[in-house]
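Below is one structure; the comments refer to it alone.
Order of listing sets the numbers, starting from 1, for every ligand and every atom in it.
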Amino acid sequence: MGWATSPFLFASNMKNLWYKDAVFYELYIRSFYDTNDDGHGDLKGVIAKLDYLQELGITCIWLLPMYPSPLKDDGYDISDYYNIHADYGTLDDFKRLVEEVHTRGMRIVTDLVLNHTSDQHPWFQAARSSRTNPFRDYYVWSDTDKKYSGVRLIFGDVETSNWAWDEATGQYYWHRFYTSQPDLNFDNPAVQAEMLNVVRFWLNLGVDGFRVDAPTYLFEREGTNCESLPETHAYLKRLRAVINEEFPGRVLLAESNQQPRELIEYFGNGHDEFHMAFNFPLMTRIFLAFAEGNAEPIRSVIEQTPQTGEECQWAIFLRNHDELTLEMASPAEREHMYREYAPDPKMILNLGLRRRLAPLLKGDHRRIELANALILSLPGTPVLYYGDEIGMGENLDLSDRNGVRTPMQWTDSENAGFTKAKPFAELVTGEYGHHHVNVDSQVAEPDSLFHAIRRLLFIRKDQPAFGRGDIQMLDAPSSLLAFKRKYLDVTMVCVYNLCTTSETFTLPENEQGGYINLLENEEQVVESIQLEPYSYVWMKKYGE
Ligand code: BGC
């Protein structure tokens, strides 16, 4: 019997596919809310703000790394996989957070950093103590720095090589990120097993899955670019097997910044690798489309992106805690993006842009709302970045990516209501400062960005076609993006105007007729639609 014909299997499949209907919120604990007056956000602070997130319409939080770390890469350099950073609280606080999240019917995923550890991790400390130490083989060593030549440098603004010299033992070690983040040696079966134990530990504590950091780089092979190798996919399949066999219903989300063709491989055969993957190509194209006032960049990337399987889902996002990466953009696209979005050279980091959503879109409420509506209606699950729901800005005086990780602006009072102490980082000032942009005032103002996004999230919640439907592009003038989403007996039509002039969209004849306009909640007979600059419509009908 096929699953669709068995009510029991159908229901359990619907439930296990929860991530398809979810709304994710990327949360940086250090910047969220401080409850013990030390100037750093903490786990209790996340608990204190869960009601806010629920009120906004979030159903799953993704926590940036919360493990002990010397913080050379803000926690992506882990020195103990089985504990909580002292600034954030204790394992008991974490267990309470998981419980509080689940009590509210929400979910929680954490960051899983497989590729590398901190150089302060006891494994690396042992490994570098002598060439014969049993942990030596946990990392990748070489007598020469010429191996794997030609492999790209990810942190090219700071690093000059993927090899670092270890004076004490007279060999080089391999690192794809900072020198302080030595890559683990996945050719070593002990490393493979260790990391699966880490996975089991957190799943046993109740987390609903992982955002898997940098899964692209696990193995190295001479003569390749050391990315997405068959060995890497084979290990990721072992990881998925642990989920399928021991923790069904939990989710794996891949952070792999690749072209659509390589990216799709992270879904394996649809049941044996990742459930979800960030859609990096789409993210870049959304900003290109705004820059050009033309929907073509989005239309073409959607057309190039293969359909995913029943259990697979894109994670669609606008901004995150990193720079807006342009590594996969063509040189011409990159130049265009710099011209449009980096008037100040300080805004460029590595090959990307260290900027937040609101200032990127000129602080224009219409554009910001439209961008959010896009990621809520294109195929996938939206992932919002903390603070973007109120249009927070960046602080370019802070180094690296810290400028987009500043304290959450809760109120217009001292320290933005984030802490009673001196905040760990300088707040944003000027037009995006907390006197102008904060949660309190936007919650009180029905026309605020907060309410606009909240409304969209609540509309989306009742429309499974957005998370699960297939997509078909509709013919439209080049500045308009128009598509149809279809799921079971429901059809959605979404149309967006990406330019500064008013435009008309005419529905294909066979699509004309009665619709429910979801934004206005009224029934209309629609043949054509007039769209003001940066306006959009979401319409629904039953049947084809
Ligand atoms: C994370 C970065 C981090 C890097 C190394 C990424 O892709 O998103 O913030 O610096 O992995 O762990």
Side-chain angles (χ1 to χ4, degrees), residues 24-31 62-81 85 109-121 124 139-140 151-159 162 164 173-184 186 195 198 210-218 226-228 232 236 252-258 262-263 266 274 276-281 283-284 315 317-328 349-356 383-386 394 398-406 425:
F24 280 56
Y25 187 89
E26 177 184 358
L27 193 156
Y28 179 42
I29 307 167
R30 189 173 302 281
S31 272
W62 150 33
L63 295 182
L64 292 188
M66 70 281 174
Y67 317 95
S69 160
L71 304 177
K72 296 279 169 48
D73 184 10
D74 223 349
Y76 282 96
D77 48 330
I78 298 174
S79 55
D80 176 0
Y81 282 90
H85 195 288
V109 303
T110 57
D111 235 292
L112 174 68
V113 185
L114 294 175
N115 181 67
H116 45 268
T117 68
S118 157
D119 60 1
Q120 302 305 306
H121 193 289
F124 191 69
Y139 296 87
V140 182
V151 169
R152 73 186 166 115
L153 277 176
I154 298 168
F155 288 163
D157 279 5
V158 174
E159 299 293 344
N162 286 314
Y173 63 86
W174 180 250
H175 60 91
R176 286 309 299 268
F177 297 93
Y178 289 128
T179 303
S180 51
Q181 292 164 297
D183 273 36
L184 283 163
F186 273 83
M195 297 320 281
V198 169
F210 301 104
R211 176 263 193 192
V212 182
D213 183 64
T216 312
Y217 316 107
L218 303 187
C226 297
E227 298 187 6
S228 308
T232 293
L236 295 170
L252 293 174
L253 162 56
E255 185 242 356
S256 182
N257 179 15
Q258 303 280 300
E262 285 88 53
L263 194 45
Y266 285 80
F274 281 92
M276 302 179 75
F278 282 108
N279 197 332
F280 280 94
M283 181 274 296
T284 322
F317 67 108
L318 294 163
R319 290 304 321 115
N320 64 18
H321 64 292
D322 287 327
E323 69 275 27
L324 192 172
T325 168
L326 296 173
E327 282 168 310
M328 297 295 143
L349 177 71
N350 300 316
L351 285 182
L353 301 160
R354 50 187 205 118
R355 303 203 66 195
R356 273 218 181 234
V383 183
L384 273 54
Y385 184 47
Y386 88 94
E394 65 255 352
L398 301 177
S399 64
D400 201 342
R401 292 149 291 171
N402 298 315
V404 299
R405 301 177 184 177
T406 58

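- Note that CD of Gln258 and CZ of Phe278 are 14.5 Å apart. Values are rounded to the nearest 0.5 Å.
- Counted by atom type alone, Ser69 and Tyr76 present zero donor-acceptor pairs between their side chains at under 3.5 Å.
- With Tyr217 as reference, Ile154 is the one residue of Asn162, Val151, Ile154, Leu114 to meet the side chain to side chain contact (heavy atoms under 4.5 Å, CB included) rule.
- Because its NZ or CZ atom is not both nearer than 6.0 Å to the ring centre of Phe274 and within 45° of the ring axis, Arg211 does not count as a cation-pi partner of that residue.
- Side chain to side chain, Asp77 and Ser180 fail the donor-acceptor criterion of an N or O pair below 3.5 Å.
- Residues of the protein with a heavy atom under 4.0 Å from ligand 1 are Asp73, Tyr76, His116, Phe155, Phe177, Gln181, Arg211, Asp213, Glu255, His321, Asp322, Arg401, Arg405, listed by chain and number.
- In this structure, His321 has its ring center no closer than 6.0 Å to that of Tyr28.
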